[in-house]
There are 2 protein chains.
Amino acid sequence: MRNLLEIQKQLLPDLMETLKRRYTILHQIMLSDIIGRRTLAASLDMTERVLRAETDLLKSQGLIEIESVGMRISDAGRRLLDLLEPIAKSLFGLDDLEEKIRTTYGLSKVIIVPGDCESSPFTKRELGRAGAKALLGVLRSDDTIAVTGGSTLAEMADQLSPPLSHSYKNAWFVPARGGLGESMEIQANTIASTMAKRVGANYRLLHVPDLLSEDAYQSLGLDSNIGEIVGIIRRSRIIVHGIGDALEMTRRRNLDEATVAEIQGEGAVAESFGYYFNEEGKVVHTMLTMGLRLEDIMRTEVVVGIAGGKRKAKAIHAMLRFGQEDILITDEAAAVEIGREIDNEVQLPL
Amino acid sequence: MRNLLEIQKQLLPDLMETLKRRYTILHQIMLSDIIGRRTLAASLDMTERVLRAETDLLKSQGLIEIESVGMRISDAGRRLLDLLEPIAKSLFGLDDLEEKIRTTYGLSKVIIVPGDCESSPFTKRELGRAGAKALLGVLRSDDTIAVTGGSTLAEMADQLSPPLSHSYKNAWFVPARGGLGESMEIQANTIASTMAKRVGANYRLLHVPDLLSEDAYQSLGLDSNIGEIVGIIRRSRIIVHGIGDALEMTRRRNLDEATVAEIQGEGAVAESFGYYFNEEGKVVHTMLTMGLRLEDIMRTEVVVGIAGGKRKAKAIHAMLRFGQEDILITDEAAAVEIGREIDNEVQLPL
DNA sequence: TAACCCGGGACGTTTTAAGACCATGAACAA
DNA sequence: TTGTTCATGGTCTTAAAACGTCCCGGGTTA
């Protein structure tokens, strides 16, 4: 059932909006027993004219009856509404959840794609698409954008397609951090260059390992070339970062057991751009690396976090508590978990 | 799955059109491997510009890839097509069937509503709605319309709602025939008056029984009042008639056993406006009654037949072979049967 | 009976879709 | 190598649809 909608959404991107709108109108008419056009328009916050177009359609479909005293739902309309209810629930459910998360943590935007990244590669792709769309929504023509690595970011880069007739040839994509000992495709460097190519922008790479010894850090810091690119990175207006589970990231970074134990001992649950966060969103561990620093993130105008899957819910939630996110892209599985935790928190003080 | 599609058809009738269009385009691109805009536009009979709008959208959805050599379907597009196939079948199946029936019997229009009248009252209602819509499509402001009786016609009358801003106050609705010994709601007289009222037209009634003795026929024929209304009936520009199973109609008319046996013996399968037809569409039995005669039907401009349900498929088919129909409104159950029979016919000569 | 709200009509404005052309570039055949 | 063909993508103009807004006659209600 739900599946069909997802399929159609690809061919009819504005299907959901229309469906929601008409459902809402029909629903409102049902609730109101009988209601006039102007009153209805006001209560739904629509202009009279567009409402009229919709009600004319509903009438021609036999879903409502229009009389001189106003509009009322027909039997067919009532039946349709019944059939539509479960669909509408899930349709509006995510909206509500987006709004809840948004207001709770003061974000400017939250996007939840239906499904679960962990179980479906399609959902992961959708997550990437949503991220790409969100990025294009905030991207200006001469921006500098710092991106981290990770498979989700890689997917996002793949899904990034330049909008028709808009030039980003003065924009710069840079990696937020150095390279991890991982496959090429999900390196921050790779992602920065892919994104740049896809939208017709420029890119700079940071050729240093993510994890540095004190010595190496000092000596590399003196390199003028590296210094320059780090300077660019730190002045980014936009950061797009994945969010990782702390434990998983220690493994991916191949940290030694002592360090892993230390990080775990500090209660770290989330990792992003080289910092480890505990459940309260406090930084509990910092890695000595080149690239973005905590203070840069604080002053960055647009911080876009992107991650999905139930297993990452805790980590995402920690990042939200950290409080620097502006836009969150996640999936239903993670969002539902986060919503649950928000409810628990609210109930505790009672 | 199918269910949701039906719901959407009600709430999003316009989106279904675009869904079809985009599916067709995507499908064609898939079949063509790689194809240019102009070539594709020509093969789909669209102008280049509107095709371009669609392909731009398909591209932005990541369903096709546009290169300098032309357009080709992407992996995601191919997957989507697979998923969409069963849906498209039901979306297009009926259209194809309509066209097949239409061309086979030289009709001007065939409308098939999804479902089965016999099993679902909703389908019957839809049949009525479709009939009403079709009638309004051919109705002029000063027409005379003859209608028969029957439950389907009654439903059609109920679903008839006057189109916005069009006056039929010079139109006349008349019954095609006299009254049957049946319930009031499905009398031709009742239906004619209901329809007339609903579109703001006039009506005349024919107060004679459907079945007449020779004597009665002669004497009533001399009545000037009846003569006048029969004259109007016979000059109708439009006839809307139900189609009945022959056997069933003999029962409804309460014919005596001898007559029933006679009609059956003649191979009658269909009944409409008082005539019985065999499988080949030949009139095999005529009832002595007032109202429309065969020769009137021959010269009538617009003959609209409306009936549904698998059980009536044979009868409908016989009427099509009779060859006087212009518009046929039926349901999926009957149409599928008819389609099957057409296929058999075509294959026989091979 | 007066005030109010209804649907439906009308109209000017704005936005969107469509049509028509052209520039440019890759592929291909001579 | 060069000319031709067909592709995309851009732009300009025009036609049409959508929209905001106001008004009118009619029915309902206080």
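Letters A, B, ... are given to chains in the order of the sequence lines, protein chains preceding strands, and every chain is numbered from 1. Model, not experiment: these values are computed from the prediction.
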Examine the base of D:dG10 for any acceptor or donor lying under 3.5 Å from a partner atom in the side chain of B:Arg52, and report the outcome as yes or no. yes
May I ask you to verify whether the side chain of B:Arg38 and the base of D:dT5 hold a donor-acceptor pair under 3.5 Å? no
Ignoring the backbone of [X], work out which of [options] is nearest its side chain.
X	options	result
A:Ile66	C:dG7, D:dG9, D:dC19	C:dG7
A:Met71	C:dG7, C:dG19, C:dA26	C:dG7
A:Val69	C:dG19, D:dG9, D:dT28	D:dT28

Grab the [atom1]-[atom2] distance between [X] and [N] for me, whole Å please.
X	N	atom1	atom2	answer
A:Arg37	D:dC24	CZ	P	16 Å
B:Arg49	D:dT14	CZ	P	16 Å
A:Glu48	D:dA18	CD	C1'	15 Å

When we call it a touch if two heavy atoms are under 4.0 Å apart, what does B:Ile34 touch: a base, just sugar-phosphate, or nothing? nothing
Answer yes if the side chains of A:Lys169 and A:Ser141 hold a donor-acceptor pair under 3.5 Å, and no otherwise. no
Does a salt bridge link A:Lys20 with A:Glu17, judged by any charged N lying under 4.0 Å from a carboxylate O? no
OP1 or OP2 of C:dG25 under 4.0 Å from side-chain N/O of B:Ser68: no
Any B:Thr39 side-chain nitrogen or oxygen under 4.0 Å from OP1 or OP2 of D:dA7: yes
